[in-house]
Each structure stands twice: as structure tokens, then as C-alpha cells.
Enquirer: 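First the structure, which I've put down as C-alpha cells, then a few questions once you've had a look.
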Amino acid sequence: MAVATEIQVRDKLYIGGEWVDPSGSETLDVVNSTTEEVIGRIPQSTPQDVDKAVAAARQAFESWSQTSLKDRADCMRQISGALAARSEEIGALVSQELGMPLKLSVQIQAGLPTMTFGSMPQLLEHVVWEQEVGNSQIVREPVGVVGAITPWNYPLHQIALKVAPAIAVGCTVVLKPSEVAPLNAFVLAEIIDEVGLPAGVFNLVTGTGPVVGEAIASHAGIDMVSFTGSTRAGKRVSELAAQSVKPVALELGGKSANVILDDADLQAAVTDGMAKCYLNSGQTCSALTRMLVPRAKLEEAERIAAAVAEQTKVGDPFEEDTRLGPLVSDVQRERVRGYIQKGIDEGAKLVAGGAEAPDGLDRGYFVRPTVFSDVKNGMTIAQEEIFGPVLSIIPYDDEEDAIRIANDSVYGLAGGVWSGDEERAKRVARRIRTGQIEINGGVFNPLAPFGGYKQSGHGREAGSFALEEFLQVKSMQL
Ligand code: NAD
């Protein structure tokens, strides 16, 4: 059942190892995306709260950065264990905030953060902390106080991707989670408190981007900002951080192409590609939203895609057979419906779904699983990130044309290539300008570096590359 029994009121911030009152009295509501009911309330922090959190993090940095690898690795193991123990609760919470089907939510929204924290002890062992170059000793040191700003679509996963490696290498953190799905961040703060991380190593401030996010990005006491979210907000964060020349890591939007070559198994490729487009109701930065098929196979691909869309059960994320839950909010639903209408108006061929509400679902932020075919890559639906269950099938003439279309995007986050010949697929994949790319549906690897080319951002998260992001390099000449 998606109905919350009582509203979760979170009226304190976690700063300096304590739950403290926010300096203001303003609050923000958290809404269940299926029932449209308020399920939670959080503080709208102020820049003064950010000052307090930064001061606590600065103070903690002096000693935390000097702790042993073993001590930090032990903390990571404990956090991972506590997350695992609360995985059902976290999964259900995120399903309410966001609408992802429960089973998947437990696996992904709770499972990935557990894995990320749990992977740190081993990853820490592989960092090259010291090396000799001629008469120099090169040492790696934690970058300092990290400001982490995260989105709502994989809320705790995005948090863990920053907080775990930052803390593991000896940084301290001020986190501002998304105000749209923030309740899971409080669970992490509770766990960190129980585990007994020293005061100030991890601090939580909540609220909106323009108030709290901008205070973090421009704060003189923060050494680095790690941001995940829209390209629009990422640009603003960069501008603000530039004033104090802070390093910024940006994980931004995408419009990823799934290139199905003429020798691929079309049924398998289209079916898998649809799943990669519709995951989390299409609210996935690396979603494969542009499906490139040989012109001669366009009709067949359309038929397969339409059948998959029609069989995709839309509904309550707490029902066993639901494959597609609602979108996160009414704003997001209206945006996505607007894009569907735009696709129709610009002349794309609608083969499944549409802009109207799905049958029998008058409540909740639902959108029909939608497929457009014969899409031109210049159309709005092929260029802009929609962040909903909307697939654009784009025909191409030959392999060169497919590569050109795949690269004809301001984004460069992810992609896919399908071929009967893996070497051919890899050759094509090397020419697509994105940070990650799957061959014949290769499964997501949570330890592989994740990040973008072009306006999808810079920097890499996950696995050993994530640790590098939070380290500075010092050379001592002997
Ligand atoms: P968003 O940009 O609206 O918000 C992301 C975070 O930034 C939130 O915490 C928000 O409060 C904050 N924010 C907003 N405006 C800000 C400002 N002016 N200054 C500082 N902070 C600000 O994005 P969203 O709607 O929460 O998430 C969806 C977007 O995130 C999509 O574009 C998606 O592609 C992207 N995303 C990227 C990745 C990745 O790894 N590349 C992963 C997940 C999501």
C-alpha cells in the first residue's frame, strides 16, 4: 500500500554530531508521488545553517584527515552494515517519495548505497598514497571540506557516491540532498550518528537549491563542490564556485543513444533498450532515450517497441506486478506531458502512449509509457532531456550516419551499441563521445567509473576513480 500512515516530521538538522534546530522556521513538504499526499516535512535551512555546518566540518577535518585508513575503513563497513539492516525501510521510503516499484527500490535505492559504502575498505587499499619521482616524494591528501549537492532520482545512491569516498579518503562533508526526496538522507544521518563518526565529519542541511545549494557552492570555507543534477543548476554551481576557484565535480543530464546495428538481434535489442529507457519511469540520467535503428528495420522496431510499451503495467509501486510507477512530482508530470505534446506537434510518429493520463489513474503523477518513431534528431524530443518514460526511435542510413546522430547532442553521458559482432560494436562504441557505453546490453557495473563528456559534466564517480576526485596531490622535493 502506498498510503503513509503518519507524516514524518524532520525538524532538526544534523550538524557537528548533533541534531540541532534550524535557524529559521520555514519548512518544506515532501509528497507521496502515488497518492499526492504529504508524507513528510523538512527544514528549509538558511545560509546561517550552512555557515554552522561548514564550521563543524572544518573543525572536524583537522583530526579526521589524520585518522588511520583502518579506522576509516571500519566506519565504512559499519555504515554499510547498518544500511543493509534498514534496506526494506529505505526501499519503501524511496518508493513513496519517488514512485519506483518497491522490489526494484529495495534492490537499487537501498542496495547500491550499501554496496558503495561497503566497497570503500577495499578501494582504499589500492590508492597510491605515496610515490617517488626523482628527488620528489608525491603524496595524496584529502581535498578538505566537501559540499555535496544531490538530486531526487536515485537519492541515496547519489548521496552515497559522494559521501562514502569523500569520508573514506579523509574529507569531511556538508550534504544538501534534494528537497524533493530528502527523507532517506535523514536515515543515513541517523546511521552515521549511531555508528559514532566523529562530530562534524558528516553534516546534513536541507532546503532548496537557490538558498542552500548556492550558499554551499559559494562558501569560502568549502574546498570542493560535488554536484549531481540538471545541467542548468550545474552551470550555476560552477559560476558560483569559480569565485573562490574551488574544484567542482559535475554529474549532469543526458540524452543517450542506443545504436542498434544492422546485424543485431532486433527483438532483444529493442526490448532491452526499452527497459533501459523506462527504468525509474524514465527518470534516470543515463536512460537510453534515443534508439537508433537501420531505416530498413524501422517498422519492425516500432512494432516491437509498441508491444513492449503496451505490456508495461503502470500503477502503484507497492503492487507486485507494477513495472512503471508515477513520476516524482506534478511539475515533472506536466513537463513530460508537455514534451509528448511537443513531439506530436513537431511531427514525430506516436506509436504508443500519449500526453493524456493513463486510464484509471486519476491520482498520482502518472504518465503513459510513450514511444515516438521516425524522429528526426533535430526535434526537441531528441535533443532535450525529458526525464520521463518517452522513447524516440530515430532511423539512420549507415554506420557512419548512426555515429554522427549519436554524437549530435550537447550531452555525452551514456549509450549503447548492439551488433552480432562484438568487435564491431566496440569499434562503434569507441567513436561515441560519452562517459559510459554498454555493448549488447552489458549490465550496469557499480564499480565502473560513471560520468559525462560535454554538457553531461566532468569528473567520475564510483569505484576507484571516485576516490581520486576527493584527493589533492602534493610533491615534496627532497
Ligand atoms: P536539479 O538540478 O533541479 O537539482 C539537483 C540538486 O541541485 C538539488 O539538490 C537542488 O536543490 C539543487 N539545486 C537546484 N538549483 C540549484 C542552484 N541554483 N544552486 C545550487 N543547487 C541547486 O536536478 P533534479 O531535478 O533534482 O535531478 C534531475 C537531474 O539530475 C537530471 O537532469 C538528471 O539527468 C540529473 N542527474 C544526473 C546524474 C549523473 O550522474 N550524471 C545522476 C542523477 C541525476
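What you see is a predicted model; the values in this text were computed from it and never measured. All values below come from the heavy atoms of this structure, side chains included, with hydrogens, waters and symmetry mates left out. Every number for a ligand or one of its atoms is a count from 1 in the order of the listing.
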Enquirer: Give the atom numbers and elements of ligand 1 that come within less than 4.0 Å of a heavy atom of G213.
Expert: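 What qualifies from ligand 1 is 20 (C), 21 (N).
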Enquirer: Quick one: does R232 get within less than 4.0 Å of ligand 1, heavy atoms only?
Expert: yes
Enquirer: Between ligand 1 and T150, is the shortest N or O to N or O distance under 3.5 Å?
Expert: yes
Enquirer: Would you check if there is a donor-acceptor pair between the side chains of N32 and E36 at a distance under 3.5 Å?
Expert: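 Not at all, the side chains of E36 and N32 share no donor-acceptor pair under 3.5 Å.
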Enquirer: Between P177 and L204, is any pair of side-chain heavy atoms under 4.5 Å apart?
Expert: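 Touching, per the 4.5 Å side-chain cut-off.
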Enquirer: If the cut-off is 4.0 Å to any non-hydrogen atom of S178, which atoms of ligand 1 fall inside it?
Expert: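 Near S178, the atoms of ligand 1 are 9 (O).
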Enquirer: With respect to S456, determine whether any N or O atom, backbone or side chain, lies less than 3.5 Å from an N or O atom of ligand 1.
Expert: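 No; the residue has no nitrogen or oxygen that sits under 3.5 Å from a nitrogen or oxygen of the ligand.
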Enquirer: Nearest protein heavy atom to atom 4 (O) of ligand 1: under 4.0 Å?
Expert: no
Enquirer: Looking at atom 12 (C) of ligand 1, what's its closest protein heavy atom, distance included?
Expert: I149 CG2, 3.7 Å
Enquirer: Could you name the option among C285, G234, G435 that has the heavy atom nearest to atom 39 (C) of ligand 1?
Expert: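 It is C285 whose heavy atom sits nearest to atom 39 (C) of ligand 1.
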Enquirer: Nearest to atom 32 (O) of ligand 1, what protein heavy atom do you find, and at what distance?
Expert: E385 OE1, 2.6 Å
Enquirer: Would you say T228 has any N or O atom under 3.5 Å from an N or O of ligand 1, going by distance alone?
Expert: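 No - when backbone and side-chain N and O of T228 are compared with those of ligand 1, no distance drops under 3.5 Å.
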Enquirer: What atoms of ligand 1 come closer than 4.0 angstrom to any heavy atom of K176?
Expert: 8 (C), 9 (O), 10 (C), 11 (O)
Enquirer: Is it the side chain, the backbone, both or neither of E461 that has a heavy atom closer than 4.0 Å to ligand 1?
Expert: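 Neither; nothing of E461 gets under 4.0 Å from ligand 1.
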Enquirer: Considering only non-hydrogen protein atoms, determine which one is nearest to atom 41 (N) of ligand 1 and report residue, atom name and distance to 0.1 Å.
Expert: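 Going atom by atom, the protein heavy atom closest to atom 41 (N) of ligand 1 ends up being L252 O, 2.7 Å.
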Enquirer: What residue and heavy atom of the protein are closest to atom 27 (O) of ligand 1, and at what distance?
Expert: P151 CB, 3.3 Å
Enquirer: Look at D330 together with R335 and state whether they make a salt bridge at an N to O cut-off of under 4.0 Å.
Expert: no
Enquirer: Does R460 use its side chain to pair, donor to acceptor, with the backbone of G452 at less than 3.5 Å?
Expert: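 Checking the backbone N and O of G452 against the side chain of R460, a donor-acceptor pair under 3.5 Å is found.
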Enquirer: Is ligand 1 under 4.0 Å from a heavy atom in the side chain of E214, in the backbone, in both, or in neither?
Expert: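 Under 4.0 Å from ligand 1, E214 contributes backbone and side-chain atoms.
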Enquirer: So, is G207 polar-close to ligand 1, with some N/O to N/O distance under 3.5 Å?
Expert: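 No - when backbone and side-chain N and O of G207 are compared with those of ligand 1, no distance drops under 3.5 Å.
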Enquirer: Under 4.0 Å from ligand 1, counting heavy atoms only, is it the side chain of Q158, its backbone, both or neither?
Expert: side chain
Enquirer: Would you say ligand 1 has an N or O under 3.5 Å from any N or O of T208?
Expert: no
Enquirer: For ligand 1 and G209, I'd like to know whether there is a polar contact (N/O to N/O, distance under 3.5 Å).
Expert: yes
Enquirer: Name the closest protein heavy atom to atom 25 (O) of ligand 1, giving the residue it belongs to and the distance to 0.1 Å.
Expert: W152 NE1, 2.8 Å
Enquirer: Numbering the atoms of ligand 1 from 1, which are under 4.0 Å from a heavy atom of F450?
Expert: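 Within the 4.0 Å cut-off of F450, ligand 1 contributes 39 (C), 40 (O).
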Enquirer: Evaluate the side-chain proximity of V205 to I216: yes if any heavy-atom separation is below 4.5 Å, no if none is.
Expert: yes
Enquirer: Testing the 3.5 Å rule here: is there a donor-acceptor pair between the side chains of E346 and T380?
Expert: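 Indeed, the side chains of E346 and T380 share at least one donor-acceptor pair under 3.5 Å.
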Enquirer: Tell me the nearest of S230, G229, S238 to atom 2 (O) of ligand 1, using heavy-atom distances.
Expert: S230
Enquirer: Specify the protein heavy atom at minimum distance from atom 7 (O) of ligand 1: its residue, its atom name, and the distance to 0.1 Å.
Expert: F227 CE1, 3.1 Å
Enquirer: Looking at OG1 of T289 and CD1 of I381, how far apart are the two atoms once the value is rounded to the nearest 0.5 Å?
Expert: 10.0 Å
Enquirer: Please check if the number of heavy atoms outside E239 that lie under 6.0 Å from its CD is greater than 12.
Expert: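 Yes, because the 6.0 Å sphere around CD of E239 holds more than 12 heavy atoms from other groups.
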Enquirer: Check ligand 1 against R236 and write out every atom of the ligand that is under 4.0 Å from a heavy-atom position of the residue.
Expert: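 Ligand 1 atoms under the 4.0 Å threshold to R236: 18 (N).
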Enquirer: Quick one: nearest non-hydrogen protein atom to atom 33 (C) of ligand 1, plus distance?
Expert: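 Heavy-atom neighbour on the protein nearest atom 33 (C) of ligand 1: F387 CZ, 3.2 Å.
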Enquirer: A side-chain contact here means heavy atoms from C-beta on lying under 4.5 Å apart; do V259 and W418 qualify?
Expert: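 A side-chain contact under 4.5 Å is absent here.
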Enquirer: For the residue pair K246 and S244, confirm or rule out a side-chain donor-acceptor distance under 3.5 Å.
Expert: yes
Enquirer: Would you say E190 has more than 12 foreign heavy atoms packed within less than 6.0 Å of its CD?
Expert: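 Counting neighbours around CD of E190, more than 12 heavy atoms of other residues, nucleotides or ligands fall under 6.0 Å, so yes.
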Enquirer: Would you say E89 has more than 12 foreign heavy atoms packed within less than 6.0 Å of its CD?
Expert: yes
Enquirer: Answer yes or no for Y154: is there a heavy-atom contact with ligand 1 below 4.0 Å?
Expert: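 Distance cut 4.0 Å: Y154 fails for ligand 1.
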Enquirer: Looking only at protein heavy atoms, identify the closest one to atom 15 (N) of ligand 1 and say how far it is in Å.
Expert: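 Here the nearest protein heavy atom works out to A233 CB, 3.6 Å.
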Enquirer: Would you check whether N153 has a nitrogen or oxygen atom less than 3.5 angstrom from a nitrogen or oxygen atom of ligand 1?
Expert: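 In this structure, N153 places no N or O atom under 3.5 Å from an N or O of ligand 1.
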Enquirer: Classify the contact between V180 and ligand 1 as side chain, backbone, both or neither, using a heavy-atom distance cut-off of under 4.0 Å.
Expert: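 No part of V180 is near ligand 1 at this cut-off.
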Enquirer: Taking 4.0 angstrom as the limit, do E469 and K162 come out as a salt bridge?
Expert: no
Enquirer: Are any of the side-chain heavy atoms of V211 and E214 separated by less than 4.5 Å?
Expert: no
Enquirer: T116 versus P446: any side-chain heavy-atom pair under 4.5 Å?
Expert: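 They are not in side-chain contact.
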Enquirer: Do K12 and D21 meet the salt-bridge criterion of a basic N to acidic O distance under 4.0 Å?
Expert: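 Yes, charged N to carboxylate O under 4.0 Å.
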Enquirer: For L324, does its backbone N or O pair with a side-chain atom of T322 as donor and acceptor, under 3.5 Å?
Expert: no
Enquirer: Are G452 and ligand 1 in contact, using a heavy-atom cut-off of under 4.0 Å?
Expert: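 So G452 does not count as touching ligand 1.
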